[in-house]
Protein chains: 2
Amino acid sequence: MEKIKIIIVDDHLLFSQSLAYLISKYKEFEVIGSYANGKEFISAYESADFNLPNIVLLDVNMPIMDGIETMKWIKEHHAELKVLALSVNDDEETIMKMITNGAKGYLLKDTDPIVFKEALLEVYNKGFYYTEIVSGFLINKLNQNETKIVLKEREVEFIKLACTEKTYKEIAEGMCLSPKTIDGYRENLFQKLELKTRIGLVLYAVKHKIVCI
Amino acid sequence: MEKIKIIIVDDHLLFSQSLAYLISKYKEFEVIGSYANGKEFISAYESADFNLPNIVLLDVNMPIMDGIETMKWIKEHHAELKVLALSVNDDEETIMKMITNGAKGYLLKDTDPIVFKEALLEVYNKGFYYTEIVSGFLINKLNQNETKIVLKEREVEFIKLACTEKTYKEIAEGMCLSPKTIDGYRENLFQKLELKTRIGLVLYAVKHKIVCI
DNA sequence: CTGAACAAGGGGAAAAAACCCCTTTTTTAT
DNA sequence: ATAAAAAAGGGGTTTTTTCCCCTTGTTCAG
């Protein structure tokens, strides 16, 4: 019987190599490749460096090119690839980004290996495996008429500077704008994000990973 | 030959169980127990639920009882235990906390399995294994006459409130103090932490995990 | 017992942040 | 081609923040 071919993309060598051993214990699967980030994976894929995998296990938090970036690339270039996301990160935003970019499932790293095996089989056979947490978020999205907040380039730039000890005047200089324009950006964002103070803006930025601390 | 007995404490089942397989590939070691957090490990240890381990692999970020808490308990009750910390977290504060509480080494999870094995052997034989990053920090500590910053209860309380959209007046009410006293707290902290604005204070709080976002 | 350190509070003022309402120019979508 | 949005800028005001220097108790070690 042909084994189900799996590729692992994860920067934690200790994890990916261990996981490869775990998977090799299951007779249904074999790991045909292992890469430390999206870039490495894509390079290998483009040079057809391996047999086509049936499933890609994709970590979300990686240096160089993370899971979300990688997922976007896969969606554009190889939408046929079945990706099972694997992460320690259980926040809605990340999960939804992976799912909407075409991940067939999203498992947390504290998943039981038994469940993990089930998920692998389901993704292979049925095409997807959604845990309760994921389907919960999906239902949420449908029910609440989602007013997606989109931040513009320039706004993001402003937010990043607002997360420093600079005054607005200094920020204005930094962005080559008049302080009054900065005033506008601020007021705009306060309204859009339902905030009242710069403190709120900083907290928002941290929570949504606009700035990394 | 007697194998070196290892215990794994990590909340990521997929990781800990995979790692156990990896370790079992090395003939020198055997995994004699696996626990999802410090609490579970301590309970098992106290009820003498297993043979004494030669090495404990301790994850830092865990729910219920994290690596640092666990390390403190070990230092107090079983300082003879050789602990090798294992984490994705490479910030100085965390690393130093683990080391000063008696961890014999601190490995990042993106360590190569070969190095990992070396580390296990060294911890067992020599009693410690310090990677470059750790010894770098250790040297730092010695050179710079460390003025350890200690925050008082009340200060921490204030900082937490400062990380909200409340005004100082509201914070004062919340802490049952006069706004002027709050002024004092602020100025004090600004000086102590070398900050200039409340934004800086918020950033400090986030970085040092005084508030969780 | 005394002096240092600390917690709590205060006056007054300058700087920064927040708010409101308004104009001009540029983009964009239909 | 044109109407509607969005980007940039502004005037003027109130509130909040930041800063500096000062007083009164309390605690605690030498």
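In the text below, chain A, chain B and the rest are named by the order of the sequence lines, each starting its count at 1. Because the structure is a prediction, the values reported are computed rather than measured. These values consider heavy atoms only, across backbone and side chains, with no hydrogens, waters or symmetry-generated copies.
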- Query: Checking all strands, does B/Ser178 fall into the base, sugar-phosphate, or nothing category for heavy-atom contacts under 4.0 angstrom?
  - Reply: sugar-phosphate
- Nearest-Å distance for atom pair CD/C1', residues B/Gln191 and D/dC19: 12 Å
- Is B/Thr181 near enough to C/dG9 that one of its side-chain N or O atoms lies under 4.0 angstrom from OP1 or OP2? yes
- Message: Treating A/Glu30 as the side-chain partner and A/Lys5 as the backbone partner, does any N or O pair qualify as donor plus acceptor under 3.5 Å?
- Response: no
- Message: Please tell me if B/Tyr185 has a side-chain N or O lying less than 4.0 Å from either OP1 or OP2 of C/dA7.
- Response: no
- Query: Any side-chain N or O of A/Lys152 under 4.0 Å from OP1/OP2 of D/dA7?
  - Reply: yes
- Query: Which of these nucleotides, D/dC19, C/dA16, C/dC19, is closest to any side-chain atom of A/Thr167?
  - Reply: C/dA16
- Message: Regarding A/Lys109 and A/Asp10, does a basic nitrogen lie under 4.0 Å from an acidic carboxylate oxygen?
- Response: yes
- For B/Lys166 and D/dT17, give me the distance from atom NZ to atom C1', rounded to whole Å. 18 Å
- Task: Of all the heavy-atom pairs spanning B/Asp11 and B/Met62, show the shortest one and how long it is.
- Result: OD1-CG, 3.6 Å
- Side chain of B/Lys196 (C-beta onward), nearest among C/dA8, D/dC19, C/dA18: D/dC19
- Query: How close or far is atom P of C/dG9 from atom CD of B/Glu187, stated in whole angstroms?
  - Reply: 16 Å
- Query: For DNA chain C, whose closest nucleotide is more 5', that of B/Ile199 or that of B/Leu177?
  - Reply: B/Leu177
- Message: Nearest whole Å is fine: how far is C/dA16 C1' from A/Glu170 CD?
- Response: 11 Å
- Of the candidate nucleotides D/dG9, D/dT16, D/dC19, which contains the atom at the shortest distance from the side chain of B/Lys169? D/dT16
- Specify the residue among B/Lys180 and B/Asn188 whose closest nucleotide of DNA chain C lies further upstream toward the 5′ end. B/Asn188
- Message: Does B/Lys192 qualify as a cation-pi partner of B/Phe190, given the criterion of NZ or CZ under 6.0 Å from the six-membered ring centre and within 45 degrees of its axis?
- Response: no
- Message: Side chain of A/Tyr168 only, heavy atoms from C-beta on: which candidate in C/dA17, C/dG10, D/dT16 is closest?
- Response: C/dA17
- Which whole-number value in Å describes the distance from B/Glu173 CD to D/dT16 P? 11 Å
- May I have the distance from B/Asp183 (atom CG) to C/dA8 (atom P), rounded to whole angstrom? 14 Å
- Message: Counting the atoms with a prime plus P, OP1 and OP2 as sugar-phosphate, which does A/Arg186 contact under 4.0 Å by heavy atoms, base, sugar-phosphate, or nothing?
- Response: base
- Atom-to-atom span, CZ of B/Phe190 to C1' of C/dA15 - whole angstrom: 13 Å
- If you round to the nearest 0.5 Å, how far is CD of B/Glu69 from CG of B/Asn101? 9.0 Å
- How close or far is atom P of D/dT18 from atom CG of B/Leu189, stated in whole angstroms? 12 Å
